[in-house]
Amino acid sequence: QFQFILIFISLKKNCFGNEEIVTLANDENLKYRLHYHIMASSGWMNDPNGFSFFNGDYHIFYQHNPYEVTPGNVHWGHVKSKDLVHWKYLPNALTPGEPYDRNGCFSGTAIVDGNNLILFYTGNVDENNSTNYSSQNQNMALSGDGVKFEKFSRNPIIPFPPEDGGSAFRDPKVWKHEDNWYLLMGNQAKENGRVVLYESKDLKNWNYIGVLASSWNGSLGYMWECPDFFKLNESYVLIFSPQGLERDGDKYANLYQTGYVVGGYCYEYNHFSYGHFTEMDFGHDFYAMQTMETPDKRRVGVAWMGMWESNFPESEEGWAGALTIPRELYLEEGKLIQKPIRETKLLRKSLLFSKLITVNGMEEICELKAAEIDIDTKLCADIDEFGFVLDDQEGLVVKFYLNETDKTFNLDRGDEDPRKTGFEELLYLKMQIFLDASSLEVFLNDGEITFTSRIYPNQSPLLSIFSRGSCALDVDVKIFELE
Ligand code: FRU
């Protein structure tokens, strides 16, 4: 087979303000391929799984169909890293095929116990051999070297049906507290989403404890996927991904959501008293966040940068789906804050642009491929809109802006409804933006609000910063080219 690579010459606005002649090796087949995000080498990917640290390496597994760009019978793909930003592919860790997982090795966690890295995952079984299910059970697989995994001989460790009723029964999260292991799982009980808890002394025999949190009357969804539960400061955080929330104004604009509740938890009585559900991200593509604690005690999470039933234009390149950059999580006044992990600084190749500019209208900056863009400004009273635009010369790729009139942040790809969320008083705006060949992650005011969306420019987009209103803004802009 021959592959043709088109070489052509174009004029581009570089970040030093000069017109520059560049030679682009433009392999049209790879225009959406990401530079610094985890994605499958080919085929389909969804949720992150088994985020862990074992023998000096971080491991992330992911839901993966190596044969097609659609979900199918999912495997566990596998990457590892020393620093959370440079990842290496390893062989697939789990392949479906046993009677208890023949229609997919669904999502789960990894824990380290003694010399083993142990995976807990859901075996999906469907009598009609589709990607639906007729039963779901929980299983274990062990590895001594962190590369080859052996399924436990007495799988499933938690069979179907669940003790306390319900149908969907998946996505185990396992952790240790004092001398006990706990396993929390998503479960659908009639039309109620909920999470159910099990306990074990030896990881093989599990006792059902009961419901840890629930939608009760279904008002918070009919199924809760991919739960994660951890202590942060003195509180407990439950992250989960409910299915079945109705859109409510600017809230719950995607098909499914990922969000959290915060509260107090008592292990002795399995009692969790918690507040309201808050969405974690306001872009189009953020789902199934999974977290771990790093050796230096940071709580770090990573999510699928995708959404069920979305289009994945990259599938024409033979791959679909990616993960977000890992994010450090903090709890401030009951609110979960997400910051890009500090290791992203290791990705900085060069400082492309660093200037204080005055913005009053549209200011073209430069064309960018894989970049971190840091924009800081003090807002003035008469500003109506402030933000940035990425344009690929064939048209708008994305516009992100603050609208002072209705006090919202907006991400508009020009396709479906813009994604929005409100803010209260703002005097200062700091945007940390991670742009990759087909993705955008925006962190506002040190991670108080995030927007994560896939975007699909046909070529490196031109960044412009703009404002509308009767005052000019002094804006500090720094741009780093990323590896
Ligand atoms: C969430 C999810 C999980 C399931 C997996 C299947 O995106 O639906 O509940 O385990 O994906 O790939």
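Here the structure is a predicted model, which is why all the values come from computation and not from measurement. Start at 1 and go down the list; that is how both ligands and their atoms are numbered.
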Participant: Is the terminal nitrogen or CZ of R419 (NZ for Lys, CZ for Arg) located under 6.0 angstrom from the six-membered ring centre of F451 and within 45° of that ring's axis?
Facilitator: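 Cation-pi check for R419 and F451: fails.
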Participant: For atom 7 (O) of ligand 1, what is the nearest protein heavy atom, given as residue, atom name and distance?
Facilitator: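 Going atom by atom, the protein heavy atom closest to atom 7 (O) of ligand 1 ends up being D47 OD1, 2.7 Å.
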Participant: Identify whether NZ of Lys or CZ of Arg in K339 sits under 6.0 Å from the centre of the six-membered ring of Y330 and within 45° of that ring's axis.
Facilitator: yes
Participant: Run the contact test for Y256 against ligand 1 with a 4.0 Å cut-off on heavy atoms, strictly below, and give the result.
Facilitator: no
Participant: One thing to verify: whether K151 and D101 come together as a salt bridge, which I'm taking to mean a side-chain N less than 4.0 angstrom from a carboxylate O.
Facilitator: yes
Participant: Under a 4.0 Å heavy-atom limit, does N46 contact ligand 1 with its side chain, its backbone, both, or neither?
Facilitator: side chain
Participant: Counting heavy atoms only, which part of S107 comes closer than 4.0 Å to ligand 1: side chain, backbone, both or neither?
Facilitator: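 Both the backbone and the side chain of S107 come within reach of ligand 1.
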Participant: Enumerate the atoms of ligand 1 whose separation from the nearest heavy atom of Y287 is less than 4.0 angstrom.
Facilitator: 1 (C), 7 (O)
Participant: Hey, does D171 sit under 4.0 Å from ligand 1 if you only count heavy atoms?
Facilitator: yes
Participant: Taking the ring of F277 and the ring of F240, is the distance between their centroids below 6.0 Å?
Facilitator: yes
Participant: Can you tell me the protein heavy atom closest to atom 8 (O) of ligand 1 and the distance?
Facilitator: E225 OE2, 2.8 Å
Participant: For A40 and H64, which heavy atoms make the closest approach, and how far apart are they?
Facilitator: CB-CE1, 3.6 Å
Participant: Using the ring-ring contact (aromatic ring centres under 6.0 Å, His included) rule, pick out the option among F230, Y267, Y198 that qualifies with Y182.
Facilitator: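 Result: among F230, Y267, Y198, Y267 is the only option passing the ring-ring contact (aromatic ring centres under 6.0 Å, His included) with Y182.
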Participant: I'd like to check whether Q63 has a polar contact with ligand 1, where a contact means an N/O of the residue lying under 3.5 Å from an N/O of the ligand.
Facilitator: yes
